[in-house]
Amino acid sequence: MKQITIPLPDDFHIHLRQGDALREYAKTASLQFGRVLAMPNTVPPLTTPEQLKKYREEILDATSATAPHFEVYLTFKLNKNYSENELTELRKQGAIAAKYYPFGVTTNSQDGIKNIEDLYPTISLLEKLNFVLCLHGEEPNAFCLDREKEFLKHLSKLAKEFPNLRIVLEHISSAEAAEAVLNLPATVAATITVHHLILTLDDIIGDSLMPHHFCKPLPKFPKDRDAVRAVAFSGNPKFFLGTDSAPHTKEKKECCCGAAGVYSAPVAIPILITEFENAGKLELLENFVAGFGADFYGLPRQTKKITYIKENQKIPETVDGSVPLYAGTEILYSPL
Ligand SMILES: [Zn+2]
């Protein structure tokens with residue numbers, strides 16, 4: 001294959017951060033994706049309609065010159081119970097999903113809720129108002145490689161208690177999570193990142209310490225990566241792209257207590273083309289990056305297109321002050 005034209009991809013899980021860095025990260029994202037769902041774990045977290053309005057304006061301001069078609073959907077952080085009126089106001093400012101982070105599991109989650117059942121009053125309203133619930137599915141006190149597996153009991157319970165609520169288990173990383181999502185009703189879906197399709201724990205600590213591969217949930221055993229790849233390449237509409245592109249500055253990654261997150265937005269789509277091509281599943285790429293996610297969220301499918309050509313692309317050592325996935329190496333596809 002010499003080139004491929006696909007709908008402009010959707011990213012249903014991205015971190016655009018805040019302040020000056022937001023301008024750079026948003027601009028980069030807008031050149032790769034037509035639409036993104038931005039995560040709310042800024043400092044302070046996004047929890048009010050006023051914050052969402054400002055955040056959305058900042059992103060659109062940063063991208064309007066280079067990508068005027070770029071659309072932003074927002075999440076808000078579930079760190080308290082919300083009233084129906086509050087949820088309605090959040091919706092008016094572009095929120096289509098609520099994001100749940102358990103206490104302390106990832107970047108800026110020290111204000112997370114310890115017991116998800118404490119949020120059931122709000123979760124019931126999310127169901128009523130047709131929001132999506134996005135879950136960072138890790139059980140904080142479990143052993144690091146078991147955290148996702150240990151969280152699955154909450155997922156099953158939520159799916160049972162709220163049968164009309166659409167739930168996304170974000171960035172699945174284990175065979176057990178893939179299996180659970182497969183077996184739960186159609187209201188439960190999962191996002192899959194580029195890095196969890198590629199990495200195992202070996203790529204973080206197997207040889208030398210690779211801080212730029214360190215992320216939550218941790219990439220795990222080869223069997224887990226194989227299970228994530230199997231569902232990604234299956235054509236099952238429950239599984240779609242959410243990159244969880246989560247940039248931190250080089251300094252914040254290369255230090256004691258380095259931050260978790262892989263900066264994949266600059267390279268996500270070219271890498272996915274190669275991965276789907278190598279798996280012999282290129283015909284399924286379009287739905288994975290620009291079909292199933294939109295369908296699940298009830299958004300119209302993207303009509304704009306983007307073409308990638310088979311031409312080596314050298315990935316810089318840093319992009320926007322952060323070290324991207326595959327930094328300093330060559331990848332096979334470039335945008336036309
Ligand atoms: Zn994330």
Side-chain angles (χ1 to χ4, degrees), residues 9-18 21-22 25-26 28-29 32-33 35-47 52 55 59 72-79 95-113 116 132-140 144 147-148 151 155 167-174 177 181 189-199 204 211-220 228 232 239-249 252-253 258-268 293 297 320 322 324-325:
D10 299 319
D11 186 352
F12 281 101
H13 184 135
I14 193 167
H15 297 269
L16 297 175
R17 307 306 188 199
Q18 61 200 110
L22 175 143
Y25 297 142
T28 296
Q32 310 291 329
F33 303 103
R35 296 182 291 205
V36 297
L37 181 62
M39 292 295 129
N41 59 335
T42 51
V43 181
L46 302 177
T47 57
L52 291 198
Y55 197 63
I59 295 165
V72 183
Y73 293 92
L74 297 172
T75 56
F76 58 93
K77 195 168 183 176
L78 277 181
N79 59 1
I96 58 172
K99 179 70 187 279
Y100 172 69
Y101 294 94
F103 173 81
V105 289
T106 191
T107 304
N108 302 334
S109 60
Q110 295 307 320
D111 58 351
I113 298 289
I116 194 166
V132 170
L133 173 63
C134 299
L135 300 171
H136 182 116
E138 288 196 288
E139 186 73 7
C144 61
R147 284 177 197 167
E148 188 172 84
F151 184 85
L155 176 68
I167 302 171
V168 178
L169 185 62
E170 301 289 337
H171 41 57
I172 58 167
S173 65
S174 61
V181 172
T191 51
I192 293 177
T193 76
V194 177
H195 49 281
H196 288 105
L197 285 178
I198 297 168
L199 306 177
I204 308 174
H212 301 290
H213 290 162
F214 171 61
C215 61
K216 301 288 184 71
L218 284 167
K220 298 182 172 62
V228 173
F239 300 93
F240 51 86
L241 177 64
T243 65
D244 195 18
S245 177
H248 293 280
T249 58
K252 280 198 168 165
K253 296 286 285 177
V262 171
Y263 189 28
S264 63
V267 293
Y297 272 90
D320 309 325
S322 299
L325 186 61

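Predicted, not measured: the structure shown is a model, and the values here were computed from it. Note that ligands are numbered from 1 as they come in the structure, with each ligand's atoms numbered from 1 the same way.
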Colleague: To the nearest 0.5 Å, what is the distance between NE2 (His196) and SG (Cys215)?
Modeller: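 One finds 4.0 Å between NE2 of His196 and SG of Cys215.
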Colleague: Using side-chain heavy atoms (C-beta onward) and a distance below 4.5 Å, is Tyr101 in contact with Pro40?
Modeller: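 With C-beta onward as the side chain, the pair touches.
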Colleague: Which protein N, O or S atoms lie under 2.8 Å from the Zn ion (ligand 1)?
Modeller: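 Under 2.8 Å from the Zn ion (ligand 1) - ignoring waters, which are not counted - the protein N, O or S atoms are His13 NE2, His15 NE2, Asp244 OD1.
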Colleague: Output all residues satisfying salt bridge (Lys or Arg N to Asp or Glu O under 4.0 Å) with Asp10, sequence neighbours left out; order by chain, then residue number.
Modeller: Arg35
Colleague: Mind checking whether His13 and His171 have ring centres under 6.0 Å apart?
Modeller: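 When the ring centroids of His13 and His171 are compared, they turn out to be within the sub-6.0 Å range.
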Colleague: Are Lys253 and Phe214 in a cation-pi setup, meaning NZ or CZ lies under 6.0 angstrom from the ring centre and within 45 degrees of the ring axis?
Modeller: no
Colleague: Which of parallel (below 30°), tilted (30 to 60°) and perpendicular (above 60°) describes Phe240 and Tyr297?
Modeller: perpendicular
